[in-house]
Amino acid sequence: MNAPTTTALMQLTPDNCVLLFTLGVFLIYIELNRPSSILPGAVGLLLALLAVAPLFHQRLNVAAILAIMGGVLLLACALRRPTTAITPVIATIFLVFGLLYLVQGAGSVRVHAAIAVPCGLVLGAGTSILTRIARRARLNKGLDLERARISRPGAFKS
């Protein structure tokens with residue numbers, strides 16, 4: 001019973017793996033925006049893991065993996081502190097090229113541009129937009145807390 005499932009997973013093309021991974025990350029983003037629901041995050045994590053597993057049976061390009069990691073690192077830096085507008089653009093370019101050249105296969109065993117470009121754009125631009133929203137919310141929360149301390153000095157103790 002487990003053999004057909006494992007075989008079916010191994011038959012996922014790299015294009016399908018990238019699409020499933022992007023969908024999984026998108027569902028995780030939905031979970032982060034609406035933390036009371038557990039299902040999108042759980043399904044998103046499952047899809048992301050199921051998408052990555054078959055890729056380990058392919059011949060992966062180390063430079064592409066480093067490009068993807070560089071894009072993720074740039075997006076993570078943008079979450080921690082304000083960056084220039086070019087940082088998310090560079091991170092998205094890293095993601096697109098990393099996805100495009102991820103698999104070093106002969107013939108059709110690769111990630112096609114029609115899949116890599118939209119998925120890289122969704123992951124890069126979507127993450128950039130969400131990090132800006134999160135940073136702004138964190139800043140507003142700090143400002144609101146400071147306003148509350150000033151208006152009612154005895155209510156908040158540090």
Side-chain angles (χ1 to χ4, degrees), residues 1-139 141:
M1 185 94 176
N2 288 339
T5 307
T6 305
T7 306
L9 271 179
M10 298 310 149
Q11 291 178 353
L12 279 177
T13 64
D15 285 337
N16 291 337
C17 289
V18 169
L19 284 171
L20 276 177
F21 182 78
T22 304
L23 179 62
V25 170
F26 182 73
L27 287 171
I28 291 170
Y29 286 166
I30 290 173
E31 171 68 31
L32 292 174
N33 275 338
R34 306 211 183 266
S36 62
S37 61
I38 297 172
L39 189 62
V43 171
L45 180 63
L46 180 67
L47 285 178
L49 291 174
L50 287 175
V52 171
L55 288 176
F56 288 121
H57 297 282
Q58 302 288 332
R59 209 171 111 207
L60 299 178
N61 185 353
V62 176
I65 294 171
L66 291 175
I68 292 171
M69 290 172 52
V72 170
L73 184 65
L74 284 172
L75 291 170
C77 287
L79 177 63
R80 297 297 296 158
R81 63 179 57 108
T83 58
T84 62
I86 195 75
T87 304
V89 172
I90 293 172
T92 302
I93 291 171
F94 279 5
L95 288 173
V96 168
F97 281 109
L99 291 174
L100 188 58
Y101 296 109
L102 182 61
V103 177
Q104 295 177 340
S108 64
V109 182
R110 63 184 176 94
V111 180
H112 294 87
I115 299 296
V117 172
C119 289
L121 288 173
V122 165
L123 291 172
T127 304
S128 174
I129 290 168
L130 287 175
T131 56
R132 286 178 190 242
I133 291 170
R135 197 173 49 249
R136 190 176 307 133
R138 199 169 53 221
L139 179 67
K141 184 177 178 182

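- Here the CG-CG distance, from L19 to L23, works out to 8.5 Å after rounding to the nearest 0.5 Å.
- Here the closest non-hydrogen pair linking G98 and A67 is CA-CB, 4.1 Å.
- When all heavy atoms are compared, the tightest approach of P54 to L12 is CG-CD1, 4.0 Å.
- Listed here is the closest heavy atom pair of H112 and D15: ND1-OD2, 2.6 Å.
- In this structure, L102 and N61 have side chains that are not in contact, with every pair of non-hydrogen atoms separated by 4.5 Å or more.
- Residues P14 and V111 come closest through the heavy atom pair CB-CG2, 3.7 Å.
- Residues P88 and L75 approach most closely at CA-CD2, 4.4 Å, considering heavy atoms.
- The distance from atom CG of L20 to atom CG of L49, rounded to the nearest 0.5 Å, is 11.5 Å.
- When all heavy atoms are compared, the tightest approach of F94 to G71 is CD2-N, 3.7 Å.
- Taking CG from L27 and CG from L39, the interatomic distance works out to 8.5 Å, rounded to the nearest 0.5 Å.
- At least one side-chain heavy atom of V18 sits less than 4.5 Å from a side-chain heavy atom of T22.
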Per-pair distances, 0.1 Å, donor-acceptor, side chain in residues 118-134, under 3.5 Å, sequence neighbours excluded:
{"from": "T127", "atom 1": "OG1", "to": "Y29", "atom 2": "OH", "distance (Å)": "2.3"}
{"from": "T127", "atom 1": "OG1", "to": "L123", "atom 2": "O", "distance (Å)": "2.5"}
{"from": "T131", "atom 1": "OG1", "to": "T127", "atom 2": "O", "distance (Å)": "3.1"}
{"from": "T131", "atom 1": "OG1", "to": "S128", "atom 2": "O", "distance (Å)": "2.8"}

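- To the nearest 0.5 Å, atoms CD1 (I28) and CG (L45) are separated by 5.5 Å.
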